[in-house]
Amino acid sequence: MMEKAELHDKALRIYVLLASAGKPMSVREIQRHLGLSSPSLAHYHLKKLERLGLLARDQRGQYYVRKLVKIGVLKAFLALGRKLVPKCLFYAVFFSVLLIFCAVAFWNTTEPGLLFLALTSLALAAASWAYEAWRVWRSLPG
């Protein structure tokens with residue numbers, strides 16, 4: 001079983017990069033993406049992640065995520081196929097759809113003040129969740 005303490009600093013950044021990329025990457029690509037000092041440093045951490053059972057290599061020698069664990073920034077994401085999506089994005093989409101529905105369904109209401117209040121509240125909720133999703137997405141390395 002993997003210890004959380006084993007996955008930190010550069011190894012965690014490499015793991016999150018590969019999880020968020022959704023595609024295999026070479027040692028040099030990883031080194032360039034994260035600004036590591038040398039390919040050997042990237043290789044050292046890749047081997048460590050491979051020993052932990054989190055990464056594997058394909059036929060071309062490129063590394064990919066074998067097992068997704070929710071650690072660090074990854075706790076705020078859901079895996080959809082090979083892509084990571086911030087959980088907050090689902091709330092942003094929900095409130096946006098509700099905003100559109102309310103605008104269309106209640107456009108000819110006899111209470112325009114109430115409609116304005118509802119649409120403004122939904123717009124603020126959608127915008128705040130979208131902003132939070134954007135912030136979480138930007139926390140990924142690379």
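What's counted below: heavy atoms across the whole structure, side chains too, no hydrogens, waters or symmetry copies.
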Taking the side chain as everything from C-beta on, heavy atoms only, tell me whether L55 gets closer than 4.5 Å to Y64. no
Please report the interatomic distance NZ(K48) to OH(Y15), rounded to the nearest 0.5 Å. 14.0 Å
Give a yes or no on whether W137 and W129 share a hydrophobic cluster (residues Ile, Leu, Val, Met, Phe, Trp, Tyr; joining criterion: side-chain heavy atoms under 4.5 Å apart). no
Could you measure the distance from the NE2 atom of H45 to the NZ atom of K10? Nearest 0.5 Å is fine. 5.5 Å
Please enumerate all residues that pass side chain to side chain donor-acceptor pair (under 3.5 Å) together with S37, with sequence neighbours excluded. none
Say whether L78 and V16 are linked into one hydrophobic cluster, either directly or through other cluster members, by side-chain heavy-atom distances under 4.5 angstrom. yes
Going through the checks in order, is the side-chain contact (heavy atoms from CB on, under 4.5 Å) test met by R57 and Q62? CA-CA 5 Å; R57 281 189 287 174; Q62 294 186 326; over 6 Å; no
Quick check for you: to the nearest 0.5 Å, what is the distance between Y63 atom OH and L46 atom CG? 5.0 Å
Is there a side-chain contact between L84 and L74 (heavy atoms, below 4.5 Å)? yes
Side-chain donor/acceptor pairs under 3.5 Å, residues 88-117, sequence neighbours excluded:
from: S96; atom 1: OG; to: A92; atom 2: O; distance (Å): 2.8
from: T109; atom 1: OG1; to: E111; atom 2: N; distance (Å): 3.2

Before you tell me yes or no, could you show the steps for K87 and F77 under side-chain contact (heavy atoms from CB on, under 4.5 Å), namely the whole-Å CA-CA distance, both residues' side-chain angles and the distance that decides it to 0.1 Å? CA-CA 5 Å; K87 293 176 184 176; F77 288 86; 5.9 Å; no
Distance-only donor-acceptor pairs under 3.5 Å for side chains of residues 21-29, two or more places apart:
from: S26; atom 1: OG; to: E29; atom 2: N; distance (Å): 3.1
from: S26; atom 1: OG; to: E29; atom 2: OE1; distance (Å): 3.3
from: E29; atom 1: OE1; to: S26; atom 2: N; distance (Å): 2.7

Report whether Y44 and L34 are members of the same hydrophobic cluster (ILVMFWY, side-chain heavy atoms less than 4.5 Å apart, transitive linking). no
Rounded to the nearest 0.5 Å, what separation is found between the CG atom of L54 and the CD1 atom of I14? 12.0 Å
Would you mind reporting whether L41 and Q31 have side-chain heavy atoms less than 4.5 Å apart? no
Mind listing the closest non-hydrogen atom pair of A11 and L49 along with its distance? O-CD1, 3.5 Å
